[in-house]
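Here the structure comes first, spelled out in structure tokens, and everything after it is commentary.
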Amino acid sequence: MLTNDILLLIISIPLIGAICISLIDKKNFENNVRRSSQWTAAFTFAMSLWLFTADSEKSSILASSQNSVCLVVMTTFLMLISVIISQNEIKAELKKKFYILIFALEALFVALFSTADILVFYILLELIMLLTFILLGGFASNSIYAVKFLIILFVGMFFLLCGVIYLISVAEASEVTTLINYAFNFKQECIIFSTLFIGFAGLALQFPLHVWLPEAHAASPTSVQIIISVILPKIGAFGLLTILLPIADGICRSLSTYVLWIGALTTGYATMAALIQKVARHTAAYSSIAYAGLLVIGIFSGGDIGRTGAFFHMISHSLVLTMLLVVISIVENRFKQLKQQEGNISITLQSIPYLLNFALVPMLSLSSIPLLPCFVGNFLILCGCWKNHPSLCFIICFLLAAGGSHAIRTYQRVSQGESNLKKIYLTKAEWFCLASLAVTIFALGIYPRMLITPTDQRIERKQ
Amino acid sequence: MTHWPELLLLIYISAAWFLRKKCGKEIWGFWAFATAILIIGLEEWMIKSNLSSTSYQSGEARIKLLLLISGCAVSYILKAKNFDGQILTTISVLGSLAAISARDFWKLFFALELAAIPLYRELMRDKSPQQRMILIVLPPRLFYALLGSVFFMLATILIYFSTESTIFGEVRYIVSFNSGVVQEIAMLMILFSIGQKLGIGLQHFTLTDASLVKTSSPIVLCPLQTISAIVFYRLTTNIFCYIDGSWIISTVGLVFVLCGSFLLISQQNIRKIVACSILCHMGMIFLCSVSPFSHDGMQSILCIVVAWNTVILGIYRLQEWRSLQNLDDLQMASSQYPAFTMAVTILFLSLLGFAPFLGFWSRFNLCQALLGWSGGALTIYMISCLFNLIGLAKILDCIWSSKKQPPRNLQIDPEFVREIYFLALAAIVAIPLAYRVLNTENMEAYFVQ
């Protein structure tokens, strides 16, 4: 079977799943919704694994590069985790609406990562924004966050639309490969850069377009958090890496210093803000923003090493952050079950056997400990940055050290003391989520070539 | 050029008028329009297969098709309940078809007046139980309706006396060499008049109150609005480009776009939302007309009129069903009829220009036209898009937020639900329509002569 056909299957399975869920009647409703949603997500993930192992040379129309395939696999995996972890978080009467939206979004994410046409990319992005807005408005504790999200991101989207229109009118084509091979002059590149960069930077949570995230993040259920703080920023980074950079290469090199400082400002601001947060969800949101800044630094560092590091980080940090969000979600869930007072998070955490061990994995990874994936990504980005911007490297090292030490200190604080509460064991679904995430994170940390090799191939093919 | 569709519609009007008491009042108009559409399709096929030597002027058949589809949809929505409305729609479409091929200001004037007959007819007919409301509703509507016609007539007389001709080609030739103040004023008056016909929907959605006056004119006049947009574009790009008045049109367009989208933010009533949106779209048509990038402007206008007609038809049906007046009513419907509410949401998304629905393509083409023309206009348009976005956020939040009051039991007519599905489908299906059927690449010969 061709890669294209598999991709079409991956796009259509969630849509079919959404239709099936919409047809479920009230008899044994909750059980049926749970089963069909989990099977749909699992089957989609299995198909994406098949895509990952399929021969990429056969790919022609849909999958633009091996990078896209990696992102498709990551998306389907994270959606599977979201579906499993959200079973206890969403009210029964809203489950149907929720899973329809989630699966529609999954299909759109996959289509977006695999499209090779910039106009289709924009249209899919606008649809994703609208569905995410409905998801945030319907399931966050306050719908004002959804309005903020829509307004701030759509300001960037207008610029993106202008850029897309300009590209199409100048090159008279909308395929990304044609646009990459088109020789734009300096003035044209300036217009393309200024419009596309604002659009993608807004999505990639760059300062000051990140302001909507922390509060929206704290007010949303875990699966919505995974979408808004893990997958959406990766779309922005993906756009910068695979659309803006190859199309406007010259101007990107000329203005790289300024962009790097925007990335550094984002990372610095978010790291410092994360240090003073008292709510775990806020800390996770700021961690997402900080790493989004790091991604931009890697992408615009001027070398293939930095870009490879940025791409590696897009996958690895997504997994690490998702695991952190799942841990926080489980703790909050138990906290509600045990009717604990505020400030007893550590006691709650200790009343759940094995959870503390699992919590160590994202904490250590965020601290850039070797053999864990964030170390690999950070190392590659710093290597890429060192040649042209050594001073920036020092600043990033300092920020990473500050963030890492804070993560270790937080873990130490919550792991101290003893709990007298009755033990509440992890459920099978929670075990599955945590174990699969931990195994993937360790696998990427120990054997990073799993992701780095395809990226190298992409670079070689381009050269 | 063949006139079979017009002949068919004339036969239908005569037959319907004489046989209305003897036969049933089923959806006659729908079938008349459907046959006319088939005739045009057959003719096009014969021309392509070299079976017929007759040919429309390039692009004209597509505009005819657009008007006939519009008339077909209106007749279907009106059904037997409003038999007079069906006949009025047919008259309006006939006038619009005549306006398509008009090459003379006088002919254009009479064609547009014929297309506007339903407007005058509606002015005289009031089914309101409170007769005193006529005194409130009638004067502004009558004034508004007559003002444009009087202006057009005066302007045509002025043009005749200053250029000794009213034929487009001759007037254009004279004006291109020597345009005086009188001619400039006359042409601006004509544009104002056509703009007034373009904004007739605005009048119906703002000046009248659905609870007081029940009227079908908002949808009966859809063909008139469509042809007004097309005529406005044709005259601006062919004749008025030679006078120094384009800055007035572009300024008015920008003001309309900005005001329409700004006023939309605070609206709760569905009719008011449509009215503001119509104001915004009128501005967009003005901007398209003065943009020097004719192909993009043309495509944008065609997308706007189709999206516009779809939404007006949908809102008319919502308005007929009395329970749905405000957005909060839709919120109540969303919990009971999610698919229906989704269809209505699609109509709103299309109206406000969001991807991938039809309205998006009008926004896309307009941006394309403005990008190469004026940075300032593009910036103002972007600001208006931001206002639209805030309005959309409010609408979506109002409709889909699950944290409002518990829903009350709403009974929706299944036929009504089916029609809304059909219209939402039209907003989606119109995407390939915009790029294939309405593809304007070979229509420049008609628009830009």
Side-chain angles (χ1 to χ4, degrees), chain A residues 19 22-23 90-91 93-94 96-98 100-101 104 108 111 119-170 174 191 195, chain B residues 265 293 295-296 300 331 334-335 338-339 341-342 345-346 348-350 352-357 359-361 363-373 375 378-404 406-407 428 431 435:
Chain A
I19 293 167
S22 70
L23 297 174
I90 309 297
K91 287 178 194 167
E93 65 268 22
L94 294 175
K96 201 186 237 187
K97 188 171 155 185
F98 180 78
I100 290 171
L101 282 170
L108 288 173
L119 186 60
V120 178
F121 182 92
Y122 178 81
I123 292 170
L124 290 170
L125 195 54
E126 202 159 283
L127 263 179
I128 286 172
M129 293 291 136
L130 285 173
L131 290 188
T132 314
F133 168 76
I134 294 174
L135 201 63
L136 259 178
F139 297 93
S141 58
N142 191 340
S143 56
I144 189 69
Y145 304 130
V147 177
K148 275 186 190 173
F149 157 83
L150 195 72
I151 290 170
I152 292 173
L153 283 193
F154 261 93
V155 171
M157 290 290 285
F158 290 142
F159 283 95
L160 192 60
L161 178 63
C162 288
V164 169
I165 291 171
Y166 187 74
L167 274 171
I168 293 171
S169 55
V170 171
S174 57
I191 295 171
T195 50
Chain B
I265 298 174
F293 296 87
H295 182 256
D296 299 323
S300 182
Q331 196 274 323
S334 78
S335 50
T341 323
M342 180 53 85
T345 311
I346 287 174
F348 275 118
L349 287 175
S350 173
L352 297 174
F354 285 87
F357 309 111
F360 167 74
W361 298 104
R363 185 160 68 111
F364 181 83
N365 288 311
L366 181 59
C367 278
Q368 208 160 8
L370 293 180
L371 200 65
W373 175 49
L378 182 68
T379 313
I380 293 176
Y381 179 62
M382 286 293 171
I383 294 168
S384 83
C385 283
L386 189 66
F387 290 146
N388 267 347
L389 185 72
I390 298 168
L392 175 79
K394 202 192 75 181
I395 292 169
L396 286 184
D397 184 48
C398 211
I399 295 175
W400 288 101
S401 175
S402 50
K403 291 181 281 294
K404 298 277 167 66
I428 299 167
I431 299 164
Y435 265 82

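Below, read A as the first sequence line, B as the second, and so on, with proteins coming before strands; counting in each chain starts at 1.
The greatest number of non-hydrogen atom pairs below 4.5 Å with chain B, out of A:V155, A:V164, A:L125, A:L130, is found for A:L130.
Only the side chain of A:L161 comes within contact range of chain B, judged by heavy atoms closer than 4.5 Å. Proximity to chain B (any heavy atom under 4.5 Å) is restricted, for A:Y122, to the side chain, taken from C-beta onward.
The environment of A:F159 atom CZ is sparse: at most 12 non-hydrogen atoms of other residues, nucleotides or ligands sit within 6.0 angstrom.
Rounded to the nearest 0.5 angstrom, B:T379 OG1 and A:F158 CZ are separated by 12.5 Å. The structure places CZ of B:F364 at 7.5 Å from CD1 of A:I123, a figure rounded to the nearest 0.5 Å.
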